[in-house]
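Inspection log for the structure reproduced underneath, given as structure tokens.
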There are 2 protein chains.
Amino acid sequence: MQEPTFLILTALAARPQHGYGIIADVAEISSGKVRLRAGTLYAALDRLSGEGLIETEREEIVDGRARRYYRLTANGATRLSAEAQRLRNHAETAFARLSIPPGTAFSPFPLPLSPREAW
Amino acid sequence: MQEPTFLILTALAARPQHGYGIIADVAEISSGKVRLRAGTLYAALDRLSGEGLIETEREEIVDGRARRYYRLTANGATRLSAEAQRLRNHAETAFARLSIPPGTAFSPFPLPLSPREAW
DNA sequence: TCTGTATATATAGATCACATGAGTATGCGA
DNA sequence: TCGCATACTCATGTGATCTATATATACAGA
């Protein structure tokens, strides 16, 4: 799962939202760093609906414009939780490895990773 | 940056490694969940070299087979650190939002996210 | 009034990371 | 001899994302 998709699910984890609201929420979540394009969003919404991770909650007409609200399904919440755990693990692993002091990357004391170290 | 790329940089954060070693290390890091294909790996190595995030350290001939060792550059370490922070933030945000008790997704007490809540 | 910006959704086409699958080659254990 | 592990290369396909555009309303400012 890529970043835009993850952030769309995260946006919907808080509450049901319509497309344009998701774009704003994702910008909010990512401190303005991820600005979803309409094309990305609506394609993702179709795909995620097809996968059963989100579903249409209701439709409204506001100022003559249709608003379609989506919400996270139970499957979607499970999936998002699994992905979040995955990201957290990856991030922690990267930090642990980056904390190796510079200059010791060629250390004669290799990290105890696996028997494959012997390669 | 996608998951395979992130994991390749993480593998190289520990120490210089050659292609096949990276494949094994990434499988290790991800508890066997990510199994890089040769095609994915070598394309990524070319791309990352071009971006200056990694570089060739040395080449060896072992049992008649060439082994090319890659290492993370200073730019690569900076980039990996930034990406790891990004993943950590995304993961924590998702967990925070998922922790909203089921059934309160339509709560009359919306999360204090932004003035855009008013939409 | 004209222009730009914000709201709101939709779609066609391009890009590019990644996946798939095959090829090339050596060494080793069953 | 067969299969597996090691080790790299390349051709082709897939699919999520990006770019750009279209449609439509409302409102602020020049």
Side-chain angles (χ1 to χ4, degrees), chain A residues 1-9 11 16-28 30 32-51 53-54 56-70 79 83 90 114-119, chain B residues 1-9 11 16-28 30 32-51 53-54 56-70 79 83 90 114-119:
Chain A
M1 182 183 292
Q2 294 185 39
E3 190 176 33
T5 300
F6 180 88
L7 292 173
I8 289 168
L9 294 183
Q17 297 194 73
H18 62 283
Y20 208 82
I22 294 173
I23 290 176
D25 202 3
V26 164
E28 185 95 12
S30 66
K33 294 187 188 73
V34 178
R35 298 192 171 276
L36 285 185
R37 304 295 174 157
T40 302
L41 176 73
Y42 292 103
L45 290 177
D46 285 346
R47 183 165 35 84
L48 293 171
S49 293
E51 291 174 29
L53 302 185
I54 65 173
T56 302
E57 189 209 20
R58 67 182 189 279
E59 293 193 33
E60 287 179 354
I61 303 295
V62 178
D63 290 332
R65 290 187 293 275
R67 262 191 190 175
R68 190 170 304 127
Y69 281 78
Y70 293 89
R79 179 66 190 282
E83 288 293 325
H90 287 351
S114 82
R116 287 185 176 121
E117 285 283 311
W119 289 356
Chain B
M1 181 183 295
Q2 293 184 40
E3 191 176 34
T5 300
F6 181 87
L7 292 173
I8 289 168
L9 293 183
Q17 297 194 74
H18 62 284
Y20 209 81
I22 294 172
I23 291 176
D25 202 4
V26 165
E28 186 94 12
S30 67
K33 294 188 189 71
V34 178
R35 298 191 173 278
L36 287 183
R37 304 293 176 158
T40 302
L41 176 73
Y42 293 104
L45 290 177
D46 285 346
R47 185 165 32 85
L48 293 171
S49 293
E51 292 175 29
L53 302 184
I54 64 173
T56 302
E57 189 208 22
R58 66 182 190 277
E59 292 192 32
E60 286 179 358
I61 303 295
V62 179
D63 292 332
R65 290 187 294 275
R67 261 190 192 176
R68 190 169 306 126
Y69 281 78
Y70 293 89
R79 179 68 189 281
E83 287 293 325
H90 286 353
S114 82
R116 290 186 175 117
E117 286 281 310
W119 287 357

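Reminder, nothing fancy here: chain letters follow the sequence lines and each chain counts from 1. In this text the structure is predicted, and so the values were computed from the model without any measurement.
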In whole angstroms, the gap separating P of D:dC18 from CG of A:Leu36 amounts to 7 Å
So does B:Tyr42 get a side-chain nitrogen or oxygen closer than 4.0 Å to the phosphate oxygens (OP1/OP2) of D:dT9?
-> no
Send over the distance from B:Glu60 CD to D:dA7 C1', rounded to a whole Å.
-> 13 Å
Polar atoms only, N or O, under 3.5 Å: list the protein pairs with nucleotides 21-27 of chain D and their distances.
unit_1	atom_1	unit_2	atom_2	d
D:dT25	O2	A:Arg65	NH1	2.8

Any chance you could lay out the side chain to side chain contact (heavy atoms under 4.5 Å, CB included) test for A:Arg79 and A:Glu51, step after step, and finish with the verdict?
-> CA-CA 11 Å; A:Arg79 179 66 190 282; A:Glu51 291 174 29; 4.2 Å; yes
How far does CG of A:Leu41 sit from CG of A:Leu36, to the nearest 0.5 angstrom?
-> 6.0 Å
Check: B:Glu83 and B:Leu9 side chains under 4.5 Å, non-hydrogen atoms | no
Counting just side-chain N and O atoms, does A:Arg37 come under 4.0 Å of either OP1 or OP2 of D:dC18?
-> no
Every protein N/O lying under 3.5 Å from an N/O of nucleotides 15-18 of chain C:
unit_1	atom_1	unit_2	atom_2	d
C:dA17	O5'	B:Arg47	NE	3.4
C:dC18	OP1	B:Thr5	OG1	3.0
C:dC18	OP2	B:Thr5	OG1	2.7
C:dC18	OP2	B:Arg47	NH2	2.5

Under 4.0 Å: is that the gap between some side-chain N or O of A:Arg35 and OP1 or OP2 of D:dC18?
-> no
Starting from P on D:dA16, measure out to CG on A:Leu53 and report it in whole angstrom.
-> 12 Å
Rounded to the nearest angstrom, tell me the gap between atom OH in B:Tyr20 and atom P in D:dA5.
-> 7 Å
Shortest non-hydrogen contact from A:Tyr70 to A:Ser49?
-> CE2-OG, 3.9 Å
Residue pair A:His90 / B:Ser30, side-chain heavy-atom distance below 4.5 Å = yes
State, to 0.1 Å, how close A:Thr40 and A:Pro4 come at their nearest heavy-atom pair, and which atoms those are.
-> CG2-CB, 4.1 Å
Between D:dC8 (P) and B:Asp46 (CG): distance, integer Å = 12 Å
Can you tell me if B:Gln17 uses its side chain to pair, donor with acceptor, with the backbone of B:Ala11 under 3.5 Å?
-> yes
Taking atom C1' of D:dA7 as reference, at what distance in whole Å does atom CG of B:Leu41 sit?
-> 11 Å
Taking all atoms of both residues into account, what is the closest heavy-atom pair of A:Ile8 and A:Ala44, and its distance?
-> CD1-CB, 3.6 Å
Got a sec, which residues hit side chain to side chain donor-acceptor pair (under 3.5 Å) with B:Arg68, two or more places apart in sequence or on another chain?
-> B:Glu59
Roughly, in whole Å, what's the span from CZ in B:Arg68 to C1' in D:dT6?
-> 16 Å
Between CG of A:Leu45 and P of C:dA10 the distance, given in whole Å, is 9 Å
